[in-house]
Chemist: 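Sharing a structure here in structure tokens format.
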Amino acid sequence: MESAMKKRTSQGVNRRFSDMNAEAVSYGNSVWAQGGSRLQEMAGTESVEETSAKGGSGEVSGDRSEAEKIYQAVISGKPNPIGSLWDAPKVPYGRLAKDGVIEYNGVCFVCDERTNSICLGDMTDEKNVLNIPLSKGGHLKVNRNSIGLLSKAAGMFSPEDLNLIMRAISEDTRIQAMEKEIEDEEASVGEKLTADREGAGQEDRVSEDKEEDGIAV
């Protein structure tokens, strides 16, 4: 009897441990299964993201980034697809130009790449053209007869360039006034000399006439 009871007890304990182990294994497998499913889901998401970033065979929304375009162009030996956007303008405010002309508020400036200038008005007579250096290089060339148009295009220029333009116009006006004064004085002197010569010539003619008439002078 005692031996039978010990055997039964031992079998019960073994069955209990077996059930516990089975339950633990089942629980563990469930945890790993859930974890594995989660890991697979994360791995799948990362795979899609990586495929999208590399422009792979997966679905890619939107255009390729500019950096990728540049990279693909470089490795294939092609020119930079956006390199032209970095070219510095060859005239002041050249980024506003279209077909060699800058039109701002109804005022048209013609671009002259040869002299790195933007020109307003007739440029055929250089003596009547004001050449104004600008703050970031290049020049503004404006015919004196077109200076009044600059006020309509003032918003196109930077504050530094506006200051340079106004100073140049003011200085040119002062110089032009001085030159006009000198010309007027020279003209006045010339007229006086002409009048004196004409007066002297008239006196000589009168004297000659008297001599011919036998009148002593």
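Note that the numbering runs from 1 along the sequence shown for the chain. This structure is a prediction, so every number in the text was calculated from the model and none was measured.
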Chemist: Report whether L149 and L134 are members of the same hydrophobic cluster (ILVMFWY, side-chain heavy atoms less than 4.5 Å apart, transitive linking).
Modeler: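 The answer is yes; both residues are in one hydrophobic cluster.
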
Chemist: Near E126 CD, under 6.0 Å, is it more than 12 heavy atoms from other residues, nucleotides or ligands?
Modeler: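 No, CD of E126 has 12 or fewer neighbouring heavy atoms, counting only those of other groups under 6.0 Å.
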
Chemist: Between A97 and C111, what is the shortest heavy-atom contact and its length?
Modeler: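 So the minimum-distance heavy-atom pair works out to CB-SG, 3.8 Å.
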
Chemist: If you group Ile, Leu, Val, Met, Phe, Trp and Tyr by side-chain heavy-atom gaps below 4.5 Å, do M123 and I132 land in one group?
Modeler: no

Chemist: Taking D184's backbone N and O only, do any of them form a donor-acceptor pair with S188's side chain (distance below 3.5 Å, no angle check)?
Modeler: no

Chemist: Is there a donor-acceptor contact under 3.5 Å from the side chain of N143 to the main chain of D122?
Modeler: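 Yes, the answer is positive, given that a donor and an acceptor are paired below the 3.5 Å cut-off.
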
Chemist: How long is the span from the CD atom in E160 to the CG atom in N163, to the nearest 0.5 Å?
Modeler: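 If we round to the nearest 0.5 Å, E160:CD and N163:CG are 8.5 Å apart.
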
Chemist: Determine, using the 4.5 Å side-chain heavy-atom cutoff (strictly less than), whether V110 and I118 are members of one ILVMFWY cluster.
Modeler: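 No, separate clusters.
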
Chemist: For the atom pair CG (N145) and CG (L130), what is the distance rounded to the nearest 0.5 Å?
Modeler: 12.0 Å

Chemist: State whether the side chain of S158 and the backbone N or O of D161 hold a donor-acceptor pair below 3.5 Å, judged by distance alone.
Modeler: yes

Chemist: Measuring from atom CD1 of I165 to atom CZ of F157, what distance do you get when rounded to the nearest 0.5 angstrom?
Modeler: 4.0 Å

Chemist: Could you walk me through whether I102 and M156 pass the side chain to side chain contact (heavy atoms under 4.5 Å, CB included) check?
Modeler: CA-CA 10 Å; I102 299 174; M156 184 183 88; 3.6 Å; yes

Chemist: Would you compute the distance between atom CD1 of I169 and atom CG of L164 and round it to the nearest 0.5 angstrom?
Modeler: 11.0 Å

Chemist: With rounding to the nearest 0.5 angstrom, report the CZ to CG distance, F109 to L150.
Modeler: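 One finds 5.5 Å between CZ of F109 and CG of L150.
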
Chemist: Apply side chain to side chain contact (heavy atoms under 4.5 Å, CB included) to T115 and K141, showing your working.
Modeler: CA-CA 10 Å; T115 60; K141 293 184 177 182; 3.7 Å; yes

Chemist: Got a salt bridge between R174 and E171, using NZ or NE/NH1/NH2 to carboxylate O under 4.0 Å?
Modeler: yes

Chemist: Closer than 3.5 angstrom, by distance alone: can the side chain of R144 be matched with the main-chain N or O of K127 as a donor-acceptor pair?
Modeler: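 Flag set: sc R144 to bb K127 pair under 3.5 Å.
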
Chemist: What's the spacing between D172 CG and Q176 CD if we round to 0.5 Å?
Modeler: 4.5 Å

Chemist: Minimum heavy-atom separation for S117 and V91, please, with both atom names.
Modeler: O-CG1, 3.6 Å

Chemist: Verify the cluster assignment for Y104 and L140: are they in a single hydrophobic cluster under the rule of side-chain heavy atoms below 4.5 Å apart?
Modeler: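 Linked, Y104 and L140 end up in one cluster.
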
